[in-house]
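Everything on this sheet refers to the single structure shown next.
Per chain, numbering begins at 1; letters A, B, ... match sequence-line order.
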Amino acid sequence: MSDATSEKNTVLMGKIVSLCKKRGFIFQSGEIYGGLNGCWDYGPLGAELKRNLKDYWWRKNVQEREDIVGMDGSILTHQDVLKASGHVGGFSDPMCDCLLSNARLRADQIEPQSGTVYHYTGASNEESDWSVEREYAVLVGEGQDENKARKTARLFYSKFLSDKQISPKKLELTGERSEAVENTTLFNPENGSLLTEARDFNLMFETRMGASSDENDESAVAYLRPETAQTIFVQFKNVLDSNRIKLPFGIAQIGKSFRNEINPRNYTFRSREFEQMEIEFFCRPEDGLALTEEWLERRLTFYEEIGIPREHLHVLDIPDGERAHYSEKTYDIEYEFPFGIQELEGVAYRGAYDLTKHKEHSKKAIEYVDQEAKEKFLPHVVEPSAGCDRTILALICEAYDEETVTDEKGKEETRTVLHFSPRMAPVKVGILPLLKNKPELVAKAREIQALLSPFMNVFYDEAGAIGRRYRRQDEIGTPYCVTVDFETLGESGDEMKDTVTLRERDSMSQERIAIADLRAFVLDKMM
RNA sequence: GCGGGUGUAGCUCAGGGGUAGAGCGCAACCUUGCCAAGGUUGAUGUCGGGCGUUCGAAUCGCCUCACCCGCUCCA
């Protein structure tokens with residue numbers, strides 16, 4: 001991305017964030033208390049939009065398919081589940097930072113070094129009557145000049161100088177003492193500087209269960225699930241036994257997951273609490289790779305159906321070495337966000353890894369039994385795992401548009417429109433009486449509202465001029481507005497009676513439609 | 001986690017140690033026959049939060065929180 005494009009996209013993203021707040025799509029969590037990092041709340045329109053997305057995903061993947069069933073697992077997760085999956089223990093890398101350069105290093109990957117350590121307690125500068133007290137140390141390798149330690153230490157202490165004009169060379173070091181050490185990993189091999197203590201970066205939220213749980217009672221520890229997948233694997237056998245289903249089949253789930261991300265970024269894109277839409281599709285080992293391809297195509301089609309065109313999506317075939325160790329094939333489906341191309345969904349062929357691990361740790365027989373072939377085995381699994389909140393953000397970014405429109409007087413204005421597909425749009429129809437001070441128009445509009453509202457989310461609006469009301473609906477992405485006028489009431493004869501103006505958002509075109517046909521017309525567009 | 005930036009009305013932003021501002025939006029009423037029309041009236045702020053300096057802080061200092069940008073990280 002060029003600098004100019006990058007800046008334009010930053011501005012665009014700012015406008016999207018601003019619109020989302022202004023119109024009630026997304027708010028920062030706990031905003032009146034200063035905000036909670038990495039957490040977001042959906043307002044009235046955001047909640048409708050998200051609901052539409054989840055409902056459509058569920059309908060397409062569960063209700064309209066015989067071979068996929070749904071489930072809804074608990075968020076609090078038994079620690080043994082996550083020990084088996086490898087989330088506890090395996091994925092918490094100890095990290096430390098270089099005190100001099102701030103570089104971050106993996107503590108377990110530092111080569112042990114030997115030499116002389118020079119310790120200091122602080123530094124001062126006589127001329128400016130400045131001093132700092134802080135423990136610091138530098139490692140000098142065998143055969144290296146000891147003055148290197150002093151130079152490095154002065155550089156370190158100079159970071160605390162308020163007057164940056166003072167040269168590090170003019171600092172007096174205090175409390176120097178030295179000792180010989182062997183095989184230490186406490187120093188940065190690059191510059192000899194002391195490192196911070198190693199800290200674990202396990203991204204799981206941990207909690208304790210039970211009212212009287214003892215802080216030291218390890219058995220009371222539970223986790224907020226870091227992915228929905230594990231609850232599916234753990235209930236695999238129960239779902240199998242209660243549903244008379246045969247391979248290949250899937251278990252689908254929509255639900256919240258939690259990761260204590262070090263650095264949440266890009267609006268709602270990387271949040272600490274997020275919702276996933278996931279399918280674990282179980283199959284015979286020999287069908288896994290082909291099903292991965294099939295699911296990739298099916299998922300790409302899904303995005304097109306909700307209004308994210310194929311040309312704004314990228315498929316990344318994760319190469320050997322970058323995939324999780326258990327995966328033979330993984331595709332990432334990415335979207336061109338204004339802040340860059342980022343992942344929406346992963347389609348991963350996970351083999352029998354998860355079921356194998358849970359069989360080992362639980363010591364339970366969770367195999368699939370093929371009665372006809374008289375076979376007993378652990379199925380392989382293909383996992384299309386989509387980020388719900390990320391998809392919402394993609395829908396909003398994709399829909400956002402500023403058009404220049406020219407009015408009758410030739411004046412140019414900007415029209416802000418969200419081009420949501422009727423399927424996803426939070427409000428399907430805006431219902432507008434042409435004038436609010438004519439009771440007959442208002443009553444008729446209210447009748448239409450009552451006619452449609454059991455079937456879809458509609459919005460009644462009588463405030464302000466008709467043009468303004470159209471624009472308000474454009475800004476929240478309402479695909480259709482119907483306007484009740486005097487023709488509707490029969491003032492221009494029976495032919496026009498009980499018809500309304502149907503105004504389409506994207507083209508701004510208008511046509512006449514009978515009230516009796518409205519429901520079917522809109523339902524057809526939004527299914 | 002590091003570095004830089006920002007934070008004032010619902011939104012966009014101006015101001016800058018001494019009574020809190022504009023535009024847009026919002027609400028009510030009037031007007032209004034289809035694309036942000038006009039008029040009248042009105043509501044809204046702990047100037048992100050805390051501590052300090054000061055007779056007095058939105059303004060200066062320190063701390064902190066959040067967001068944005070660049071690194072870093074992301075099973």
Hey, does the side-chain of [X] have a donor or acceptor N/O within less than 3.5 Å of a partner on the base of [N]?
X: A:E487; N: B:rG33; value: yes
X: A:Y470; N: B:rC34; value: yes
X: A:R472; N: B:rG25; value: no
X: A:R503; N: B:rC35; value: yes
X: A:D485; N: B:rC34; value: yes
X: A:Q510; N: B:rC34; value: yes

So, are [X] and [Y] salt-bridged, with charged N and O less than 4.0 Å apart?
X: A:R415; Y: A:D401; result: no
X: A:K444; Y: A:E447; result: yes
X: A:E413; Y: A:R471; result: yes
X: A:R512; Y: A:D485; result: yes

Under 4.0 angstrom, heavy atoms only, what part of the nucleic acid is [X] near: base, sugar-phosphate, or nothing?
X: A:N266; result: sugar-phosphate
X: A:T501; result: base
X: A:L435; result: base
X: A:G346; result: nothing
X: A:Q28; result: sugar-phosphate
X: A:N37; result: sugar-phosphate
X: A:Q342; result: nothing
X: A:E343; result: nothing
X: A:T414; result: base
X: A:R415; result: nothing

Considering Watson-Crick and G-U wobble pairs with both distances under 3.5 Å, what does [N] pair with?
N: B:rG42; result: B:rC26
N: B:rC13; result: B:rG21
N: B:rG7; result: B:rC65
N: B:rG70; result: B:rC2

Minimum-distance nucleotide to [X] side chain [options: [options]]:
X: A:K21; options: B:rG25, B:rC74, B:rC11; answer: B:rC11
X: A:P226; options: B:rC11, B:rC35, B:rA75; answer: B:rA75
X: A:R265; options: B:rC34, B:rA37, B:rC68; answer: B:rC68

How many Å lie between CD on A:E413 and C1' on B:rA37, as a whole number?
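That distance rounds to 10 Å.
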Using atom CZ of A:F339 as one end and atom P of B:rC67 as the other, report the distance to the nearest whole Å.
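The distance from CZ of A:F339 to P of B:rC67 comes to 14 Å, rounded to the nearest Å.
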Between [N] and [M], how far is it from one [atom1] atom to the other, in whole Å?
N: B:rG25; M: B:rA9; atom1: C1'; value: 11 Å
N: B:rG23; M: B:rA75; atom1: C1'; value: 50 Å
N: B:rA58; M: B:rA20; atom1: C1'; value: 9 Å
N: B:rG5; M: B:rG45; atom1: C1'; value: 24 Å
N: B:rG42; M: B:rG10; atom1: C1'; value: 16 Å

By nearest nucleotide on RNA chain B, pick out whichever of A:Y326 and A:T10 is the more 5' one.
A:T10
5'-most contact on RNA chain B: A:F486 or A:L36, nearest heavy atom basis?
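Checking each residue's closest nucleotide, the 5'-ward one belongs to A:F486.
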Please check if any side-chain donor atom of A:S193 sits under 3.5 Å from a side-chain acceptor atom of A:Y136, or the reverse.
yes
Does OP1 or OP2 of B:rG25 have a side-chain N or O of A:R468 closer than 4.0 Å?
yes
Ignoring hydrogens and angles, tell me if any N or O in the side chain of A:D498 forms a donor-acceptor pair with the backbone of A:I515 under 3.5 Å.
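It does not hold such a pair.
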Are the aromatic rings of A:Y267 and A:F269 close, with centres under 6.0 Å apart?
no
